[in-house]
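Reviewing the structure listed below.
In the text below, chain A, chain B and the rest are named by the order of the sequence lines, each starting its count at 1.
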Protein chains: 2
Amino acid sequence: MRKGEETRTRILDVAEAAVLQKGFGGTSIEELIAETGITKSGFFYHFKDKNELAKALLNRYIENDERIYDEIFGRARDLMDDPLQAFLLGLKLLSELLSDLPNGHPGCLVATVCYYERLFDREIQETNRNAVLAWRRRFGRMLREIMDVYPPREPVDVDQLADMVSSVLEGGIVLSKTLKEPNTLAEQVLMLRTFVRLLFLPAVEQPLAVVRQGQAFGAAAGGQP
Amino acid sequence: MRKGEETRTRILDVAEAAVLQKGFGGTSIEELIAETGITKSGFFYHFKDKNELAKALLNRYIENDERIYDEIFGRARDLMDDPLQAFLLGLKLLSELLSDLPNGHPGCLVATVCYYERLFDREIQETNRNAVLAWRRRFGRMLREIMDVYPPREPVDVDQLADMVSSVLEGGIVLSKTLKEPNTLAEQVLMLRTFVRLLFLPAVEQPLAVVRQGQAFGAAAGGQP
DNA sequence: CCCCCTCCTGTACCGGCGGTACAGTTTCGA
DNA sequence: TCGAAACTGTACCGCCGGTACAGGAGGGGG
């Protein structure tokens, strides 16, 4: 039971790296078994076909993704009393984590599945859809909390704003990978942070507005890294 | 010479649709020749291998992409004297064009290539990279023109802001496709528009800031759809 | 009128890959 | 020591990318 899990994990590790570089269609099972040092029969003992491998791969990826967001934004929330400051700190931590990746972000499996679409069954497509919806709910929850305190300067739909976080991440990954500029992704996250700050925070470091808005917000923003 | 071009175009049309749904690895040549009603030999007369097909596909896609942006932002520029208003109108027109697509955006070949990476030669990867750099230059040019007139409220790097446009588009496509919500992409573009407006336009419809900033900007923004 | 070039078709073949089937083997805990 | 879990080995199928090469239709230019 233990050894089986270990082999399974090793296959998934190898497969994930390969799939993110070449897509599902471009990744052969033979290549996976060669790199894991397992036989073909051994592979099919763990996964009955490629679709099942994809399913396991995607589920593991999504769970890991959720775990990372939980940790980052959870930590940020613990450090900051204010929901806006917590969210801004979370984005900062996220951008730092992304820029610390040695070879840049390896790619997002959700996007890979999205661009392979028609060759998977409904279940995988639903899993993928639910992953994106989970992001929407996650960021939406945080943004609603912010909006309870800070009225946005422009009227915005919360779900659309939440989706913007996912968009910038997914798009930033594509740009970063295509340009072979690992930093681009982290910069995009910081750009998004600027947007959020601009949207919810009254003008600071511009003395003009502070005069009428009062300095309570100005002080809070001033302490931000 | 004429008939050859026509067949070639037909192959590319079929291939583009297939590749955007299933990726390069997931698209078989046999399936392409079946749908185009050509023989295998006929296919290889036009493209010596799959890599050459990908090259032609990508180049055509990028050219078309550039043409669309030229037209939309060119039209917007002709209609507006102010570079900011022109850019904002361009984003509006773009979002309208995207929401008018009957089945949603079919996907971006640049992203497809990005997630297939390792199975293409250097030339394709360079083409893809240059396409993204061209977007950066395009939007960067427009944003620099804006910044000459409007000082941004927050310090931003022009290239990073230009990349934000590409990020939101690429990310929006992934979200839209994955969620099977065709409108999401258009909404994301409008969200980006809100960001640009917020970044460059002094607060309007919020009387607080207008008092000190003067109403020249306020009037310009008021006429915006 | 024929020749040649473009634009294909037809046939045959190769090796890699996804997947199946199934028999046999090792390992390890109850 | 028995049996289940976790494999290995072998053989085979059909699809696919790709190669090779021969031949044919159709049209325009000498």
Spacing between [X] atom [atom1] and [N] atom [atom2], to the nearest angstrom:
{"X": "A/Phe24", "N": "C/dG19", "atom1": "CZ", "atom2": "P", "value": "12 Å"}
{"X": "B/Ile29", "N": "D/dG18", "atom1": "CD1", "atom2": "C1'", "value": "8 Å"}
{"X": "B/Phe44", "N": "D/dT19", "atom1": "CZ", "atom2": "P", "value": "7 Å"}
{"X": "B/Glu6", "N": "C/dT6", "atom1": "CD", "atom2": "P", "value": "18 Å"}
{"X": "B/Ile38", "N": "C/dT6", "atom1": "CD1", "atom2": "C1'", "value": "13 Å"}
{"X": "B/Glu30", "N": "D/dG18", "atom1": "CD", "atom2": "C1'", "value": "10 Å"}
{"X": "B/Phe47", "N": "C/dC8", "atom1": "CZ", "atom2": "C1'", "value": "14 Å"}
{"X": "A/Ile33", "N": "C/dG19", "atom1": "CD1", "atom2": "P", "value": "12 Å"}

Side-chain donor or acceptor of B/Lys40 under 3.5 Å from a matching atom on the base of D/dG17?
yes

Steps toward side chain to side chain contact (heavy atoms under 4.5 Å, CB included) verdict (B/Lys92, B/Phe87):
CA-CA 9 Å; B/Lys92 189 90 206 311; B/Phe87 189 60; over 6 Å; no

Judged by each residue's nearest nucleotide on DNA chain C, which is more toward the 5′ side, A/Gly25 or A/Ser41?
A/Gly25

Is the shortest side-chain N/O distance from A/His46 to OP1 or OP2 of D/dC7 below 4.0 Å?
yes

Report yes if a side-chain nitrogen or oxygen of B/Thr7 is closer than 4.0 Å to either non-bridging phosphate oxygen (OP1 or OP2) of C/dC8; otherwise report no.
yes

Would you say the rings of [Y] and [X] are close, in the sense that their centroids are separated by under 6.0 Å?
{"X": "A/Tyr115", "Y": "B/Tyr115", "result": "no"}
{"X": "B/Tyr150", "Y": "B/Phe200", "result": "no"}
{"X": "B/Phe139", "Y": "B/Tyr69", "result": "yes"}

For B/Ser28, report the nucleic acid contact type (base, sugar-phosphate, nothing); a contact means any heavy atom under 4.0 Å.
sugar-phosphate

Name the nucleic acid region contacted by B/Lys48, choosing base, sugar-phosphate or nothing; use a 4.0 angstrom heavy-atom cut-off, strictly under.
sugar-phosphate

So if I take every side-chain heavy atom of A/Tyr45 and compare against D/dA5, C/dG19, D/dG18, which nucleotide ends up nearest?
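Ranking D/dA5, C/dG19, D/dG18 by closest atom to the A/Tyr45 side chain puts D/dA5 first.
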
Consider the side chain of A/Thr39, meaning its heavy atoms from C-beta on, and name the nucleotide among C/dG19, D/dG9, D/dG17 that approaches it most closely.
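Of the options given, the side chain of A/Thr39 lies nearest D/dG9.
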
Is any side-chain heavy atom of A/Gln188 closer than 4.5 Å to one of A/Leu169?
no

